[in-house]
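What follows is a set of notes on a single structure, which appears directly below.
Quick note on labels: first sequence line is chain A, next is B, and so on, each numbered from 1.
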There are 2 protein chains.
Amino acid sequence: MISGWEGIREEVLRRIRVRDWPPGETIPTEEELAAEFGVARATVNRALRELAGAGVLERRRKAGTRVALLPVRKATLDIPVIRQEVEARGQVHGFTLLTRTEGAPPVPVASRLGLGPSARAIYLETLHLADGRPFVFETRWLNPAVLPKPLPDFGVVSANEWLVAHVSYETGDIAFTAEAADAREAAVLGVAEGAALFVTERTTWTAEAAITLVRLAHVPGYRLQTMI
Amino acid sequence: MISGWEGIREEVLRRIRVRDWPPGETIPTEEELAAEFGVARATVNRALRELAGAGVLERRRKAGTRVALLPVRKATLDIPVIRQEVEARGQVHGFTLLTRTEGAPPVPVASRLGLGPSARAIYLETLHLADGRPFVFETRWLNPAVLPKPLPDFGVVSANEWLVAHVSYETGDIAFTAEAADAREAAVLGVAEGAALFVTERTTWTAEAAITLVRLAHVPGYRLQTMI
DNA sequence: GGCGCTAATATGTCTGCACATAATGACCGC
DNA sequence: GCGGTCATTATGTGCAGACATATTAGCGCC
């Protein structure tokens, strides 16, 4: 027997899959489905809203609900802090602060951080280890103007974790690319120059100003994986 | 004035950001918030449920709602069909079917598809073009047992689009890696051997059997990007 | 035929209430 | 002190009804 909004969601999904309701077709209204299943319209609404959020249905007022023609699959990636990621593999996390300098960042960095030409920024290079072996080479620019004082010793607390605990951010973007290891990256990660590295680049912002720009170069063989 | 579940969601977010409610802290109950904002509990529930889904809050019955200590950022990626992706960049999409064979797949492929040792599968190699230039090299294994007949001419219809229109799938997984181009990939994509390629691997399943395993090797410089 | 206005309609949201469910913490017996 | 039991409590879900809003289809006018 079908009951509850999850039951209705599954039943609707089933009908879509067996092509009772083929792609592009308009399905019955919420009211009709509520009558059929013997539930309140709010319950049907919850189920259909969920499916619309997953990209299976497309809904428009007055026009009704139709089965998505090209179901845009939405994969959700969890972006944990690196320590959690390493520990989730059953390995021991460690890290070394390789460099800490302060100065005017190069132009492309300054522009992505939205800083003026003379603004100063903190630059950190950190090597993250899993079971003592290189795992991720992190290069990070920080905007000191938006950081609470006092700053910690980034050799002891990882910048990543200090930031999530002390600075709240609003938006950001994240990009993934594949890049060949340059000389520095190759040396630090202990791989051949030109090796294919999986690179994550993140920018995070408060409402007004950029907080940090970080680039994570993962050791070859790294896989970013998720269920759909 | 705060009203509507979206307004409440924003207000709660604001209080978290200004640290009225710091990470780890339990926030007022739904009832209390409903009273404060002058709305029904269901409205508060909707707002908090949304934030919990985004990873900002953690909710447990009886225990209450608390601000997430390490906000696991959830990035949602839209996985469109390649044609849409190319067209979204304002380029013209094209593709060429390079190879179509049928036979027993290699062991790692068969195991990931859940096929027996003697099962046969269809193998396709397709080169996708953007404005006439190589964009993605697609290699795909198809499980013919679960495909509706008749099969189309994959030289005319891209396998990707035929599948989304004719086969409904339930689950799947997707993984991203960086890999060095082998001789074949280098030749097809027109890049140097060993170049860093961004690779997407997807497996999709119906309720019972695997449908397809596809590997997309993107041309160097490809960026997978999303807002957080 | 083409254009603009209007009424009809499906979804979006909200309220107030109710009961279900899970997790906690206090109580009780040993 | 220890362990098990049970009442308490916050969230999860449901219902019926209402109004809001976007969008469309049809109508009338030119």
Closer than 4.0 angstrom, basic N to acidic O: yes or no for R14(B) and E10(B)?
no
Can R49(A) and E30(A) be counted as an ion pair, charged N to O under 4.0 angstrom?
no
To the nearest Å, how far apart are F37(B) CZ and dT15(C) C1'?
17 Å
At 4.0 Å (heavy atoms only), tell me whether G7(A) reaches a base, stays on the sugar-phosphate, or touches nothing.
nothing
Short N-O contact, E138(B) and R215(B), less than 4.0 angstrom:
no
Whole-Å gap separating C1' (dC15(D)) and CD1 (I8(A))
12 Å
Could you pull out all donor-acceptor pairs under 3.5 Å where a side-chain atom in residues 21-28 of chain B meets a protein atom, sequence neighbours excluded?
{"residue": "T26(B)", "atom": "OG1", "partner": "R66(B)", "partner atom": "NH2", "Å": "3.3"}

Residues R223(B), E201(A): salt bridge by 4.0 Å N-O rule
yes
salt_bridge(E36(A), R15(A)) N-O dist < 4.0 Å
yes
Send over the distance from E32(A) CD to dT9(C) C1', rounded to a whole Å.
12 Å
How would you summarise protein contacts on nucleotides 4-14 of chain D per nucleotide, using B for base, S for sugar-phosphate only and - for none, with heavy-atom distances below 4.0 Å?
----BBBBBBS
